[in-house]
Structures are given as structure tokens and as C-alpha cells.
Protein chains: 2
Amino acid sequence: MTYRAPIEALGDPMRRAILERLVAGPRSVGDIASELPVSRPAVSQHLRVLKEANLVTERREGTRRLYRLDPNGLAEVRTYFDDFWARALAEFKQAAEHNETKGEA
Amino acid sequence: MTYRAPIEALGDPMRRAILERLVAGPRSVGDIASELPVSRPAVSQHLRVLKEANLVTERREGTRRLYRLDPNGLAEVRTYFDDFWARALAEFKQAAEHNETKGEA
DNA sequence: TAGTTACGTAAGTCGTGACTTACCGTGCTC
DNA sequence: GAGCACGGTAAGTCACGACTTACGTAACTA
């Protein structure tokens, strides 16, 4: 299973809609598809992408497959963004102080 | 300027590369483009998208335009993701407790 | 075993978006 | 004012990805 960056998987609105429906607990493919304006195969393909990004895991149960959120992908996004946020914040503060010194606000 | 969801703007690798180069402070378009494997107009177009997502702001300085990170878009992504993370975490805990009760691990 | 349910996958279509080059406007500089 | 840097925009190309339908497969059920 080829890796895929979680943050890129999150770029698609339909995939975010799918993830939203998994946040309350595991769901089957057809169950999810019934709430979305796309076909079941489309949902299935999205779930594969989400799986490649470690954003969901799959568990077979009889003839159904239950998908649920995977903390790994979520943590990866959180780490990336927290780091980015921290660095950006540092720059903002520095810029603000610099402007104060120059009396620009 | 039509709005655009920040998290969708973050989906593109080149745009993330651009943001990475803005994290240390304001930069001009040509300056950014010189470090990236794409043309200057391409960078310009990406910056427009980022601006529509409130991820960057623009300040004119002579003939140049200095772009810098915009806290608004960043905060929006952070809010969205923090909320999502919190809900997911709650579900994980609940599932873990449920499994303990059932002795499944 | 035959039928049904639930999914995944293959194959093909179609729109979109990430590029390119060419061009135009704007603001310094000599 | 002429020339030059800087960058936004237009127009066109091209690949990719988000869909669809059709089909194949695995697992319950009667």
C-alpha cells in the first residue's frame, strides 16, 4: 500500500465528509455512502486513499467492512501543523515587537 | 476575492512549500520562485489561492510585493482540526473502555 | 447449492487545476 | 522620458483525480 500524505487526503471535501461520519465510531461502506451524494464505489475509492494516508483502518466483519478513524494519520497532521503553527507564531511575535520598536503600531 | 477553504489550499505540496518559505518572514514573489522548481507566474497563482484562503497577506513595497503568513487562515485550520481531534479522541477512549469491559484487550 | 448482500476493482469519461509562455501594467532609476 | 525590474493576468496545454457503470468475489442464508 503506497503511502500518501494525510494532509493531501484531507484536501478533498468528500473525504472530509467521510471522516466526519467516522468520528462517532466505525461505519460500513454502504452505510456511509447512503448519506453521501456519490456512489458506493466512489466512497470505496476514497476510503482506500484515506487508508493509504493512515487516516482510517479497516476491519472485516462478515460480509461487511467496518472503517474507523486511525490515530496515526491524525497525529501526523497534528504534528506537522503544530510545528508550523509554533514557528509562524514566533515570527508574528518577533514582527510585532519589531514594529513596536519602530513605533509602527 | 472568492473565499477558499484553507485546508484545501494546504492540500497542494507546492503551496505548502511556499508557506514553508514564508514562515521565517515576508518574502517577494520572485524571491520565493527562485527557490522552487516552477515558474514565477506559477508561484504568483499559488499565492493568489493562498490569499483567497486567508493564509497569506500581501503588502506592496515599491515594485515588489511582500507576502507573509496570515494568522486568520492558520487559525481556521487549527480550529477545525482541534475540534475534529477532540471528537476523535473521545471516541477512541470510549472504544478502548468498551473493549476493556469486553476483555478484548 | 443457489441466491443475496456487501464490497472491491477495472475501465472509461470528464472536469479541473497546476503548469507553461506571452503579454501588460506599475513603479523605481539614470 | 527611456529602460528596467517586478509581478499580475490571459490563454492554452496536459495530466490527474473524482466520478460513473459493469463486473468479479467473499461470506452469510434458506
Side-chain angles (χ1 to χ4, degrees), chain A residues 1-22 25-70 73 77, chain B residues 1-22 25-70 73 77:
Chain A
M1 190 175 63
T2 49
Y3 173 76
R4 196 179 289 247
I7 197 168
E8 289 178 29
L10 288 177
D12 184 75
M14 194 60 66
R15 278 197 286 269
R16 287 200 302 280
I18 291 174
L19 289 178
E20 286 287 343
R21 276 156 184 80
L22 291 180
R27 304 277 293 273
S28 71
V29 180
D31 189 20
I32 298 170
S34 69
E35 295 182 0
L36 295 175
V38 292
S39 68
R40 184 193 49 73
V43 173
S44 200
Q45 287 160 16
H46 279 306
L47 283 168
R48 175 172 49 174
V49 172
L50 291 171
K51 192 162 67 171
E52 288 172 355
N54 295 323
L55 283 167
V56 301
T57 57
E58 173 204 333
R59 185 179 82 232
R60 308 193 182 199
E61 186 158 287
T63 162
R64 300 191 312 162
R65 309 205 181 183
L66 297 182
Y67 285 87
R68 70 176 302 175
L69 294 183
D70 184 352
V77 178
Chain B
M1 189 174 65
T2 50
Y3 173 75
R4 196 178 288 249
I7 196 168
E8 289 178 28
L10 288 177
D12 183 76
M14 194 61 66
R15 279 198 284 271
R16 288 200 302 279
I18 291 175
L19 290 177
E20 286 286 343
R21 275 154 185 82
L22 291 179
R27 303 278 293 273
S28 71
V29 179
D31 189 19
I32 298 169
S34 69
E35 295 182 0
L36 296 174
V38 292
S39 67
R40 183 192 48 73
V43 173
S44 200
Q45 289 161 16
H46 279 306
L47 283 168
R48 176 173 46 176
V49 172
L50 291 171
K51 193 161 66 172
E52 289 173 355
N54 296 322
L55 283 167
V56 301
T57 58
E58 172 204 333
R59 182 178 84 231
R60 308 193 182 199
E61 187 158 286
T63 162
R64 301 193 310 162
R65 309 206 180 181
L66 296 182
Y67 285 86
R68 71 175 302 176
L69 294 183
D70 184 351
V77 178

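Naming convention: chains lettered A, B, ... in sequence-line order (proteins, then strands); numbering from 1 in each chain.
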Hey, is the side chain of A/His46 poking within less than 4.0 Å of OP1 or OP2 on D/dG17, counting only N and O atoms?
no
Side chain of B/Val38: nearest nucleotide among C/dC7, D/dC19, C/dC19?
C/dC19
Spell out, as yes or no, whether a donor-acceptor pair under 3.5 Å connects the side chain of B/Arg21 to the backbone of B/Ala17.
yes
Tightest non-hydrogen contact, residues B/Leu55 and B/Gly73, listed as CD2-C, 3.7 Å
Atom CZ of B/Arg27 and atom C1' of D/dG7 are separated, to the nearest Å, by 16 Å
Has B/Ser44 got a side-chain N or O lying under 4.0 Å from the OP1 or OP2 atom of D/dG7?
no
Would A/Leu10 and A/Leu19 count as a side chain to side chain contact (heavy atoms under 4.5 Å, CB included) here? Give the steps.
CA-CA 9 Å; A/Leu10 288 177; A/Leu19 289 178; 3.4 Å; yes
Find the distance between OG (B/Ser39) and CD (B/Gln45) and round it off to the nearest 0.5 Å.
7.0 Å
Interatomic distance, B/Leu36 CG vs C/dT20 C1' [rounded to whole Å]:
16 Å
What are the residues of residues 53-64 of chain A, sorted by number, that bring a heavy atom to within less than 4.0 Å of DNA chain C?
A/Thr63, A/Arg64
Both A/Gln45 and B/Ser28 contact DNA chain D. Taking the nearest nucleotide for each, which residue is further toward the 5' end?
B/Ser28
For D/dT21, does either OP1 or OP2 sit under 4.0 Å from a side-chain N or O belonging to A/Ser39?
no
Is there a side-chain contact between B/Tyr67 and the phosphate of D/dG8, meaning an N or O under 4.0 Å from OP1 or OP2?
yes
Might you point out which heavy atoms bring B/Asp70 and B/Val56 nearest each other, and give the distance in Å?
CB-N, 3.6 Å
Hey, can you pull the residues of residues 6-13 of chain B with a non-hydrogen atom under 4.0 angstrom from DNA chain C?
B/Asp12
Measure across B/Arg68 and B/Pro26 and return the closest heavy-atom pair with its distance rounded to 0.1 Å.
CB-CG, 3.9 Å
Minimum heavy-atom distance A/Ala53-A/Pro6, with the two atoms named
O-CG, 3.4 Å
Is there side-chain contact between A/Ile7 and B/Arg16, with at least one heavy-atom pair below 4.5 Å?
yes
With respect to the side chain of B/Arg15, which nucleotide from C/dT20, C/dA18, D/dG7 is positioned closest?
C/dA18
Look only at the side chain of A/Arg15 and the backbone of A/Ala9, and say whether a donor-acceptor pair between them is shorter than 3.5 Å.
yes
How many Å lie between CD1 on B/Ile32 and C1' on D/dG7, as a whole number?
12 Å
Gap between atoms CZ and C1', on A/Arg16 and D/dA18 respectively (whole Å)
14 Å
NA contact type, B/Arg40, heavy-atom cut-off 4.0 Å: base, sugar-phosphate, or nothing?
base
What is the distance from CD of B/Glu52 to P of C/dG17, rounded to the nearest Å?
11 Å
Measure the distance from CG on B/Leu66 to P on D/dG8 and round it to the nearest whole Å.
11 Å
Rounded to whole angstrom units, what separation is found between the CG atom of A/Asp31 and the P atom of C/dT5?
16 Å
